[in-house]
Amino acid sequence: MRSDTELKYFPLFLDLSRKRFLIVGGGKVAERKIRMLLRFKAKIKVVSPNLKKGLRLLGNKGLIEVIEKKYDPQDLDGVDFVISATNDNEINKKVVFDAKERGLLVSSVDDPSLCDFIMPSIVKRGSIVIAISTQGKLPHLSKRLKREIGKFLTKDYVKYLSKIGKLRAELISKVKEEEKRKLLFEKISGFTVEELANMSTKKIRELIAGLDKE
């Protein structure tokens with residue numbers, strides 16, 4: 001039987017475009033997490049007395065809010081998520097304690113046992129997002145799986161999603177019978193991703209029309 005610790009973290013896709021993150025720390029780990037969060041349009045405030053050049057540049061561009069000072073509990077005002085990414089274990093514990101006191105979701109890079117959430121390894125190709133986690137047990141394996149999945153997830157999948165996704169929306173609006181739509185997509189699934197990705201949208205529409213008459 002699986003233990004509770006093995007199933008601690010539940011994968012959940014969130015819209016971060018209206019969420020505000022506090023990142024405590026200005027080193028390489030903090031920068032790596034910030035750059036990933038920016039890909040998903042998160043609003044980010046960074047607090048640290050020392051910042052890597054890359055983070056300072058992001059601040060100068062207005063992509064993140066940068067406050068060059070030591071952490072203070074007031075920095076938690078107005079945020080939704082907190083990540084403590086310093087190289088000082090005591091500071092990280094303090095951030096976790098303060099965040100939990102306010103009912104905020106918090107993650108500490110040096111102690112998964114204190115985390116309400118962890119950031120997975122992510123493969124992103126267009127609108128396709130695959131998140132990988134080992135429940136904090138072996139980050140190295142997550143990175144390895146990310147590389148291997150990244151090789152498999154070619155540009156053809158992105159093209160396929162774009163073309164078939166648009167046609168699916170058309171079918172939903174034009175074909176009212178759910179069973180008929182389902183049957184059409186079952187027939188389309190008989191073609192490979194590569195075949196449909198490299199087929200023009202017009203040709204795919206003709207293909208669907210032909211399948212509909214069968």
Give a yes or no on whether the ring-centroid distance for F117 and Y9 is below 6.0 angstrom.
-> no
Can you tell me how far the OH atom of Y71 sits from the CG atom of L76, to the nearest 0.5 Å?
-> 4.0 Å
Mind checking whether I83 and F21 have side chains closer than 4.5 Å, heavy atoms only?
-> yes
Check: L22 and V24 side chains under 4.5 Å, non-hydrogen atoms | yes
Find out if a path of hydrophobic residues (ILVMFWY) with successive side-chain heavy-atom gaps under 4.5 Å connects F81 to V29.
-> yes
Check the pair I122, I130 against side chain to side chain contact (heavy atoms under 4.5 Å, CB included), reporting the backbone distance first and the verdict last.
-> CA-CA 6 Å; I122 292 176; I130 298 175; over 6 Å; no
Side chain to side chain contact (heavy atoms under 4.5 Å, CB included) assessment of D77 paired with R102 | CA-CA 9 Å; D77 293 347; R102 295 194 180 204; 2.6 Å; yes
Do L105 and V82 touch side chain to side chain, with heavy atoms closer than 4.5 Å?
-> no
Got more than 12 heavy atoms from elsewhere within 6.0 Å of CZ, R144?
-> no
Which atom pair, heavy atoms only, marks the closest approach of I132 to P120?
-> O-CB, 3.2 Å
Side chain to side chain donor-acceptor pair (under 3.5 Å) with R181: which residues, sequence neighbours excluded?
-> none
Atom CG of N198: over 12 foreign heavy atoms under 6.0 Å = yes
Which residue pairs pass the salt bridge (Lys or Arg N to Asp or Glu O under 4.0 Å) test with at least one member in residues 103-126, sequence neighbours excluded?
-> K100-D116
Between N92 (side chain) and T86 (backbone), is there a donor-acceptor pair under 3.5 Å?
-> yes
Closest approach of P73 to D98 (non-hydrogen atoms, all atoms of both residues) = CG-OD2, 3.5 Å
Drop me the distance from D156's CG to E195's CD, to the nearest 0.5 angstrom.
-> 11.0 Å
Does the side chain of L104 reach to within under 4.5 Å of the side chain of D80, using non-hydrogen atoms?
-> no
Between L16 and K41, is any pair of side-chain heavy atoms under 4.5 Å apart?
-> no
Where the side chain of K94 meets the backbone of D72, is there a donor-acceptor pair that is under 3.5 Å apart?
-> no
If you take all heavy atoms of S108 and V96, which pair is closest and at what distance?
-> CB-CG2, 3.7 Å
How long is the span from the OG1 atom in T201 to the CD atom in E206, to the nearest 0.5 Å?
-> 11.0 Å
Path from V79 to L63 over hydrophobic side-chain contacts below 4.5 Å = no
When rounded to the nearest 0.5 angstrom, what is the spacing between OH in Y160 and CD1 in I128?
-> 10.0 Å
Does the side chain of M119 come within less than 4.5 Å of L37's, by heavy atoms?
-> yes
Are I64 and F40 linked, directly or through other ILVMFWY residues, by side chains that come within less than 4.5 angstrom of each other?
-> yes
Quick check: are there more than 12 heavy atoms from other residues, nucleotides or ligands sitting under 6.0 Å from CD of E177?
-> yes
Contact summary for G150 and V123, nearest pair of heavy atoms | CA-CG1, 4.1 Å
Are any of the side-chain heavy atoms of E65 and I44 separated by less than 4.5 Å?
-> no
Here the gap from K137 atom NZ to K8 atom NZ, rounded to the nearest 0.5 Å, amounts to 11.5 Å
Do the side chain of E148 and the main chain of L145 share a donor and acceptor less than 3.5 angstrom apart?
-> no
Walk me through it: do L51 and E68 pass the test side chain to side chain contact (heavy atoms under 4.5 Å, CB included)?
-> CA-CA 7 Å; L51 290 170; E68 295 191 57; 3.4 Å; yes
Check: E170 main-chain N/O paired with S173 side-chain donor or acceptor under 3.5 Å = yes
Measure the CE-NZ distance between M199 and K159 for me, rounded to the nearest 0.5 Å.
-> 13.0 Å
Flag, side chain of R168 to backbone of F185, donor-acceptor distance under 3.5 Å | no
With a 4.5 Å heavy-atom cut-off, do K93 and L114 have their side chains touching?
-> yes
Can you see which heavy atom on G26 is nearest to which on S48, and at what distance?
-> N-OG, 3.3 Å
Audit row: R35, L58, side chain to side chain contact (heavy atoms under 4.5 Å, CB included) steps and yes/no | CA-CA 9 Å; R35 290 187 180 278; L58 290 175; 3.9 Å; yes
Linking I/L/V/M/F/W/Y whenever their side-chain heavy atoms sit closer than 4.5 Å, directly or via other members, would V106 and M36 fall into one cluster?
-> no
Do I172 and L183 sit in the same hydrophobic cluster, where Ile, Leu, Val, Met, Phe, Trp and Tyr count as joined when their side-chain heavy atoms come under 4.5 Å apart?
-> no
Option among K45, R20, K69, K70 that satisfies the salt bridge (Lys or Arg N to Asp or Glu O under 4.0 Å) test with D75 | K69
Heavy-atom count around E178 CD within 6.0 Å, excluding the residue itself: above 12?
-> no
